[in-house]
There are 2 protein chains.
Amino acid sequence: MSIKMSLTREKILELGEDLILTKGYNAFSYQDISKELGIKNAAVHYYFPAKENLVTSVVKNNILRFEEMVDNMNTRMFDEISQLDAFLKIYAKSNREEKICLLGSLGPDFNTLAEITRKELQKMSVKIINWLSKLLNSGRKKGLFSFEGEPNTRALMILSNLVAGLQLARMMDKSDFKSIQSQILEDLKP
Amino acid sequence: MSIKMSLTREKILELGEDLILTKGYNAFSYQDISKELGIKNAAVHYYFPAKENLVTSVVKNNILRFEEMVDNMNTRMFDEISQLDAFLKIYAKSNREEKICLLGSLGPDFNTLAEITRKELQKMSVKIINWLSKLLNSGRKKGLFSFEGEPNTRALMILSNLVAGLQLARMMDKSDFKSIQSQILEDLKP
DNA sequence: TTGTTTACTTACTTGTAAGTAAGTATCTTT
DNA sequence: AAAGATACTTACTTACAAGTAAGTAAACAA
């Protein structure tokens, strides 16, 4: 990023992501964006010719942010507990802001997305699951975590707790997410 | 149900549910339904004046089916393990049919739903969580299940595993759901 | 200083979603 | 047999979403 990014383009991207996380992909329009930013409809099309270009960019952006976070934690030599904690904090922040996870927002819409968007979403899920698997595995080897079964399965379970945790919190009680978050950490204690 | 239900109405309800579970609420139209059923658009409006009436009926229907299942298991005196197993089987079936859970489909769309629909969705989540909590609690008391923490939190975690498990399976690998399902049961073993 | 690129706006087109009013055929009750 | 009620269809309206073609003003580069 940062190379050649107009302010307007960045604002569209940010607002687009926000709308996907709050209303859902098939419920927002370019008008929602243009009105909010005080620009014309066609200006949004100038940066993102079709809606599928916008979603795809939003997903790619999320992948980049995830990778930056991982890189950052690696260079700072975070231990496994701190890394998991940082990851959970991202979701806790979403919960406070009444947002859900991008995977959980676009997952149900998967069949309505363009092939390229699906590919990026897949890439994103795989990256997260692989990272989390490795984290759990090395944490267990060091005796920092304790759990039964495959690291990959455990990663799927923790991610699904987070993804649907945010969705359920939206429907039921915001504080339900906190219970889930605490229990994830509790369950991993040696 | 069954009192005063025209065949067309039932077909609309069934197809409407199917479309919500495969494409999402904001991605299907009354045309999708009328074309498929070989009727006119206005015929769908005859039974469900507005889209919000259709979704609300779909949710209410799901609540009824859930309650029938619970009643059925109670009269047949299913033990806690069998009841949980039956519940998991519903989700496994959805996974095979490439569908997701109604909660997981409408959860992300929650902010775009009418108040009455939201209320029904809330009712549905609360009913499921309360039932699952009690099931886990009494199963643990009998020594059939073993888990740490509050039954309510554990119920939230299992439900979120199932809800997002289906979503992740859609995006990644269908078999991921099976791993999650098996691990849920494994984790509860005494 | 002329030409090109950037960043838009103006002004459309096309398609579809949601919904409604009024009509009609058939069945059902009195 | 007449009067509802039921289950639709015909034929619209309104609104908005998505996208595009052509124009323009300013910046920037040759």
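Numbered from 1 within each chain, the chains take letters A, B, ... in sequence-line order. Here the structure is a predicted model, which is why all the values come from computation and not from measurement.
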Working for side chain to side chain donor-acceptor pair (under 3.5 Å), residues B/D79 and B/S82: CA-CA 5 Å; B/D79 70 6; B/S82 309; 2.7 Å; yes
Which distance, rounded to the nearest 0.5 Å, do you find between the CG of A/L136 and the CG of A/L144? 11.0 Å
Ignoring hydrogens and geometry, is there a side-chain-to-backbone donor-acceptor pair from B/R154 to B/E148 under 3.5 Å? yes
Are the side chain of B/Y30 and the backbone N or O of B/A50 linked by a donor-acceptor pair below 3.5 Å? yes
Atom NZ of A/K23 to atom P of D/dA17: distance rounded to whole Å? 8 Å
Would you mind reading off the distance between A/K51 atom NZ and C/dG15 atom P, rounded to a whole angstrom? 19 Å
What bend angle does the helix from C/dT1-D/dA30 to C/dT30-D/dA1 show across its length, from five-pair end axes and to the nearest 10 degrees? 0°
Beyond-backbone contact of A/K174 with A/E98, side-chain heavy atoms, under 4.5 angstrom: yes
Applying side-chain contact (heavy atoms from CB on, under 4.5 Å), name anything that partners A/K123, two or more places apart in sequence or on another chain. A/I63, A/E120, A/K127
Rounded distance (Å) that lies between atom C1' of C/dT9 and atom OH of A/Y47: 13 Å
Rounded to whole Å, how long is the line connecting atom CZ of B/F28 with atom P of C/dA18? 8 Å
State, yes or no, whether a side-chain contact exists between A/F110 and A/T117 at a heavy-atom distance under 4.5 Å. no
I need the residues from residues 109-121 of chain B with at least one non-hydrogen atom less than 4.0 Å from DNA chain C; give them sorted by number, or say none. none
In chain order, what residues pass the salt bridge (charged side-chain N to carboxylate O under 4.0 Å, His left out) check against A/K142, with sequence neighbours excluded? A/E80
Could you write out each protein N or O paired with an N or O of nucleotides 23-29 of chain D at a distance under 3.5 Å?
none

Is the ring pair B/F177/B/Y91 parallel, tilted or perpendicular, if the boundaries are 30 and 60 degrees? parallel
Would a distance-only check, ignoring hydrogens and angles, find a side-chain to backbone donor-acceptor pair under 3.5 Å from A/S179 to B/T153? no
Taking only heavy atoms on the protein side, list every residue of residues 30-46 of chain A lying under 4.0 Å from any atom of DNA chain D, sorted numerically. A/Y30, A/Q31, A/A42, A/H45
B/L19 CG to C/dA17 C1', in whole Å, measures 14 Å
For the pair made of CD1 in B/I12 and C1' in D/dC8, what is the distance, rounded to whole Å? 10 Å
A/I184 vs A/M157 side-chain heavy atoms within contact, under 4.5 Å: no
Show your working on side chain to side chain donor-acceptor pair (under 3.5 Å) between B/T112 and B/Y25 and close with a plain yes or no. CA-CA 9 Å; B/T112 72; B/Y25 177 65; over 6 Å; no
Rounded to whole Å, OH of A/Y25 lies from P of D/dA17 at a distance of 14 Å
Rounded to whole Å, CD of A/E52 lies from C1' of D/dA17 at a distance of 16 Å
Please check if the side chain of A/S105 supplies one atom and the backbone of A/I20 the other of a donor-acceptor pair under 3.5 Å. yes
Should A/T8 be listed as having a side-chain N or O under 4.0 Å from OP1 or OP2 of C/dC8? yes
Do B/L84 and B/F145 come close enough that some side-chain heavy atom pair is under 4.5 Å? yes
